[in-house]
Amino acid sequence: MSAAPRITIAEAAAHSGETVEIAGWLYNLRRSGKIVFPILRDGTGLMQCVAVKSALPEETFETLRNLTQESSLIVTGKIRAEQRAPGGYELDVEQAGIVQRVDEADPYPITPKDHGIEFLMDHRHLWLRSRRQHAILRVRHEVIKAIRDYFDSHGFTLVDTPIFTPAACEGTTTLFEVDYFEDEKVYLTQSGQLYNEAGAMSLGKVYCFGPTFRAEKSKTRRHLTEFWMVEPEMAYATLEDVKRVAEELVMFVVSRILENRRAELVVLERDVSKLEAVQRPFTRMTYDEAVKILQEKGSEIQWGADFGGTDETLLAEGSDRPIMVDRFPAQIKAFYFEPDPERPDVVLGVDVLAPEGYGEIIGGGQRIHNLDLLLKRLDEHHLPREAFNWYLDLRKYGSVPHGGFGMGVERCVAWICGLEHVRETIAFPRMLYRTTP
Ligand code: 4AD
Ligand code: MG
């Protein structure tokens, strides 16, 4: 629309003193007599523009003066350093072209005033434009990229695992059933782990990274019915190897965020010192020790019970770094966990609990590699052997000790961003009572 080069707001510093074009949306507008200050957003930042009546054609000035929130527009003007402006630069408007003007009869529904969470969730498709949601999505992207970079640079091969699966991995109570063809039933995946185990016997170290589904009837701040999980799996690996990789991964992700996403953490008012305090080694304890600590802190938990959300919060209270709890009672864990050879009533599983009460972000451990024991466990868990025939083959043809874990992206992002609830960590959350927009 003008001869000036199109730049993004993030690039403004490199164009100080130049006339450029910026394409975006009207974030906010301040009027002050013969000057209006439209604040533009373009996905990369905010830019305060300055439109002076005497310097513009009457029509352009009036159009800007009466512009409605979230109207789309392209402005041309000169970039000028201005310490007081958000981002440190302003744009002196020379031209403005409106792409679509929001009708004031049907104004943008999200205004600077407070809205309830249900209203915001119903308008999630628009709410994403807010500064806070923008910042969270940027952190999420960086977390995912860091996870991939970690595994890609540590000898892991990405192997995508199926979403339609014939069997349960994490227990039958949280399976979503889907009608497949000709009366066949399949389930949405709860975890790619079983397939990862096959991949690891081919490639040594693999990971899968994709959406995961749990028909969790729990309405908590930590549960989604659809979430993203990264799952590494390693052949010839023990519980200790699993714990080392989990610790390295978490350190890698937190460091990367501190390196690249400080500005977003400021928008989120995150206490960054809490993230800076995350150091190796993480605190390590057994389930037995954890139960003792919890009882001392007043929890009613008894040996043999799974931790509730409050137990996880209580346990991590006062710890500046994540906590790794291992050797859980076999009865509360999935069928595939290797028993502790010194104490078969507990299994070689580990949970990593985030500090500040964010709860479990990682679960994993060492898998059963003995065929007979695995068969016994399938029966104990009332799982149909036929559905696991292929999985059992892995124990017949060169079975080796192996292990891995799963890290939930949303739990991880909630912790890093310091969010109350996981619903804000994914663009379109799926929860017990929410499947729209
Ligand atoms: O502990 P989980 O259930 O472990 C597994 O699925 C293993 N098969 C993983 C493996 O060893 N390959 O889930 C792993 C992580 C949890 O620690 C949590 O971060 C996340 O996945 N998670 C959820 N996140 C959001 N909503 C839910 N309903 C979640 N359930 C698990
Ligand atoms: Mg778990």
Side-chain angles (χ1 to χ4, degrees), residues 140 143 147 151 156 159 161 165 167-176 187-200 205-234 237 239 241-243 245-246 249-250 253 287 306-309 311-312 316 322-326 328 332-338 347-354 358-368 391 402-416 419 421-426 429-432 434:
R140 180 188 169 99
V143 164
I147 290 169
F151 288 116
F156 288 76
V159 178
T161 51
T165 59
C169 177
E170 295 301 316
T172 49
T173 54
T174 61
L175 280 173
F176 277 115
Y187 309 102
L188 297 181
T189 183
Q190 294 173 310
S191 161
Q193 179 196 320
L194 307 186
Y195 296 95
N196 268 346
E197 292 181 49
K205 296 200 280 186
V206 297
Y207 71 101
C208 66
F209 199 166
T212 305
F213 304 86
R214 301 274 168 98
E216 305 258 18
K217 285 261 167 72
S218 37
K219 194 172 177 260
T220 79
R221 62 196 186 92
R222 293 175 188 162
H223 288 91
L224 296 168
T225 52
E226 178 182 315
F227 63 96
W228 283 66
M229 179 156 63
V230 63
E231 298 179 83
E233 191 71 27
M234 302 171 281
L239 174 64
D241 297 316
V242 170
K243 282 155 69 176
V245 172
L249 172 68
V250 172
V253 170
Y287 170 87
D306 208 351
F307 301 142
D311 291 320
E312 289 177 0
I323 297 178
M324 294 181 149
V325 184
D326 68 9
F328 289 87
I332 54 169
K333 286 290 174 187
F335 73 94
Y336 52 72
F337 279 101
E338 175 78 3
V347 292
L348 301 180
V350 61
D351 278 3
V352 180
L353 311 181
Y358 285 92
E360 179 198 331
I361 51 171
I362 287 179
Q366 195 176 321
R367 326 301 187 189
I368 292 174
Y391 184 66
H402 64 284
F405 62 84
M407 179 166 85
V409 167
E410 291 75 17
R411 298 250 185 111
C412 193
V413 172
W415 163 47
I416 288 175
L419 307 178
H421 200 296
V422 289
R423 66 188 160 213
E424 282 183 82
T425 63
I426 183 164
R430 297 291 173 251
M431 295 177 288
L432 183 51
R434 179 161 299 274

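Computed over heavy atoms, backbone and side chain alike; hydrogens, waters and symmetry mates excluded. Order of appearance sets the numbers: ligands from 1, and atoms from 1 within every ligand. Keep in mind that what you see is a predicted model, and the values were worked out from it rather than measured.
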**Student:** Taking the six-membered ring for Trp, are F151 and F405 parallel (under 30°), tilted (30 to 60°) or perpendicular (over 60°)?
**Tutor:**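 Because their plane-to-plane angle lies in the 30° to 60° range, the rings of F151 and F405 count as tilted.
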
**Student:** Verify the distance test for D351 against the Mg ion (ligand 2): any N/O/S atom under 2.8 Å, yes or no.
**Tutor:**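 No, outside the cut-off.
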
**Student:** Sort out for me which residue in R367, K205, E233 forms a side-chain contact (heavy atoms from CB on, under 4.5 Å) with N196.
**Tutor:**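 Option passing the side-chain contact (heavy atoms from CB on, under 4.5 Å) with N196: E233.
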
**Student:** Can you name the N/O/S atom of E360 that is nearest the Mg ion (ligand 2)?
**Tutor:**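 It is OE2, the N, O or S atom of E360 closest to the Mg ion (ligand 2).
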
**Student:** Which atoms of ligand 1 sit under 4.0 Å from any heavy atom of Q193?
**Tutor:**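 Near Q193, the atoms of ligand 1 are 7 (C), 8 (N), 10 (C), 11 (O), 12 (N).
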
**Student:** Within the structure, does E233 bring an N/O atom to less than 3.5 angstrom of an N/O atom in ligand 1?
**Tutor:**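 N/O-N/O distance below 3.5 Å does not exist for this pair.
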
**Student:** When you measure from atom 26 (N) of ligand 1 to every protein heavy atom, which one gives the shortest distance, and what is it?
**Tutor:**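 Here the closest protein heavy atom is L224 N, 3.0 Å.
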
**Student:** Among the heavy atoms of I362, does any lie under 4.0 Å from an atom of ligand 1?
**Tutor:**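 Yes, I362 has a heavy atom closer than 4.0 Å to ligand 1.
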
**Student:** One residue to check: E216. Relative to ligand 1, which of side chain, backbone, both or neither has a non-hydrogen atom less than 4.0 Å away?
**Tutor:**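 Side chain only.
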
**Student:** For ligand 1, which atoms sit closer than 4.0 Å to a heavy atom of R222?
**Tutor:**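 Ligand 1 atoms under the 4.0 Å threshold to R222: 25 (C), 26 (N).
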
**Student:** Between ligand 1 and R367, can you find any atom pair, the residue atom being a heavy atom, that is separated by under 4.0 Å?
**Tutor:**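 The answer is yes, since R367 has a heavy atom less than 4.0 Å from ligand 1.
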
**Student:** Within the 4.5 Å heavy-atom criterion, are I147 and V253 side-chain neighbours or not?
**Tutor:**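 Yes; the side chains approach each other to less than 4.5 Å.
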
**Student:** Between ligand 1 and M407, is the shortest N or O to N or O distance under 3.5 Å?
**Tutor:**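 By distance alone, the answer is no.
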
**Student:** Take R140 and E410 through the salt bridge (charged side-chain N to carboxylate O under 4.0 Å, His left out) test and state the conclusion after the steps.
**Tutor:** CA-CA 8 Å; R140 180 188 169 99; E410 291 75 17; 2.9 Å; yes

**Student:** Can you name the one residue among T165, T174, T212 that meets side chain to side chain donor-acceptor pair (under 3.5 Å) with Q190?
**Tutor:**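 Filter result, single survivor: T174.
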
**Student:** Hey, what do you get for CZ (R423) to CG (L224), rounding to the nearest 0.5 Å?
**Tutor:**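 That separation rounds to 10.5 Å.
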
**Student:** Among all protein heavy atoms, pick out the one at the shortest distance from atom 3 (O) of ligand 1; state its residue, atom name and that distance to 0.1 Å.
**Tutor:**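 For atom 3 (O) of ligand 1, the nearest protein heavy atom is R214 NH1, 2.9 Å.
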
**Student:** So which atom in E170 and which in A334 form the shortest heavy-atom distance, rounded to 0.1 Å?
**Tutor:**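 Looking at all heavy atoms of both residues, the closest pair is OE1-CB, 4.0 Å.
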
**Student:** Considering only the protein, which heavy-atom contact is closest to atom 7 (C) of ligand 1, and what is its distance?
**Tutor:**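 For this ligand atom, the closest protein heavy atom is E170 OE2, 3.4 Å.
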
**Student:** Give the atoms of ligand 1, by number and element, whose distance to some non-hydrogen atom of Y336 is under 4.0 Å.
**Tutor:**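 Selected atoms, number and element: 7 (C), 8 (N).
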
**Student:** With backbone taken as N, CA, C and O and side chain as the heavy atoms from C-beta onward, which portion of W228 lies under 4.0 Å from ligand 1: side chain, backbone, both, or neither?
**Tutor:**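 The answer is neither.
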
**Student:** Using every non-hydrogen atom in the two residues, find where D351 and E360 come nearest and quote the distance to one decimal.
**Tutor:**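 Residues D351 and E360, closest heavy atoms: OD2-OE1, 3.4 Å.
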
**Student:** Among all protein heavy atoms, pick the one closest to atom 18 (C) of ligand 1 and tell me residue, atom and distance.
**Tutor:**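 Nearest neighbour among protein heavy atoms for atom 18 (C) of ligand 1, to 0.1 Å: R411 NH1, 3.5 Å.
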
**Student:** Give the residue, atom name and distance (to 0.1 Å) of the protein heavy atom nearest atom 14 (C) of ligand 1.
**Tutor:**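 In this structure, atom 14 (C) of ligand 1 has M229 SD, 3.4 Å as its nearest protein heavy atom.
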
**Student:** Side chain or backbone, does I361 bring an N or O within less than 3.5 Å of an N or O on ligand 1?
**Tutor:**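 Yes; at least one N/O pair falls below 3.5 Å.
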
**Student:** Which heavy-atom pair separates S191 from E231 by the least distance, and what is that distance?
**Tutor:**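 Shortest heavy-atom contact: OG-OE1, 2.6 Å.
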
**Student:** Report the C-alpha separation of V250 and W415 in whole Å, then their side-chain angles, then the decisive distance to 0.1 Å, and conclude whether the side chain to side chain contact (heavy atoms under 4.5 Å, CB included) test is met.
**Tutor:** CA-CA 11 Å; V250 172; W415 163 47; 4.0 Å; yes

**Student:** Determine, considering heavy atoms only, which of F213, F227, W415 sits nearest to atom 31 (C) of ligand 1.
**Tutor:**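 Of the listed residues, F227 has the closest heavy atom.
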
**Student:** Tell me, which protein residue and heavy-atom name are nearest atom 1 (O) of ligand 1, and how many Å apart are they?
**Tutor:**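 Of every protein heavy atom, E360 OE2, 3.0 Å lies nearest to atom 1 (O) of ligand 1.
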
**Student:** Report yes if the distance between the aromatic ring centroids of Y287 and F307 is under 6.0 Å, otherwise no.
**Tutor:**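 Yes, they do, as the ring centres are separated by less than 6.0 Å.
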
**Student:** Counting from 1, what ligand 1 atoms have a heavy atom of G363 closer than 4.0 Å?
**Tutor:**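 Matching atoms, with element in brackets: 1 (O), 9 (C), 10 (C), 11 (O), 17 (O).
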
**Student:** Considering all heavy atoms of both residues, which atom of V352 and which atom of P322 are nearest to each other, and what is their separation?
**Tutor:**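 For V352 versus P322, the nearest heavy atoms are CG1-CB, 4.0 Å.
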
**Student:** Taking only heavy atoms of G364 into account, list the atoms of ligand 1 that are under 4.0 Å away from them.
**Tutor:**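 Near G364, meaning under 4.0 Å from one of its heavy atoms, ligand 1 has 11 (O).
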
**Student:** Do Q193 and Y336 pair up side chain to side chain, a donor and an acceptor below 3.5 Å, judged on atom types alone?
**Tutor:**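 Distance-only check passes for Q193 and Y336.
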
**Student:** Kindly confirm or rule out an N or O of E231 lying under 3.5 angstrom from an N or O of ligand 1.
**Tutor:**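 So ligand 1 has an N or O lying under 3.5 Å from an N or O of E231.
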
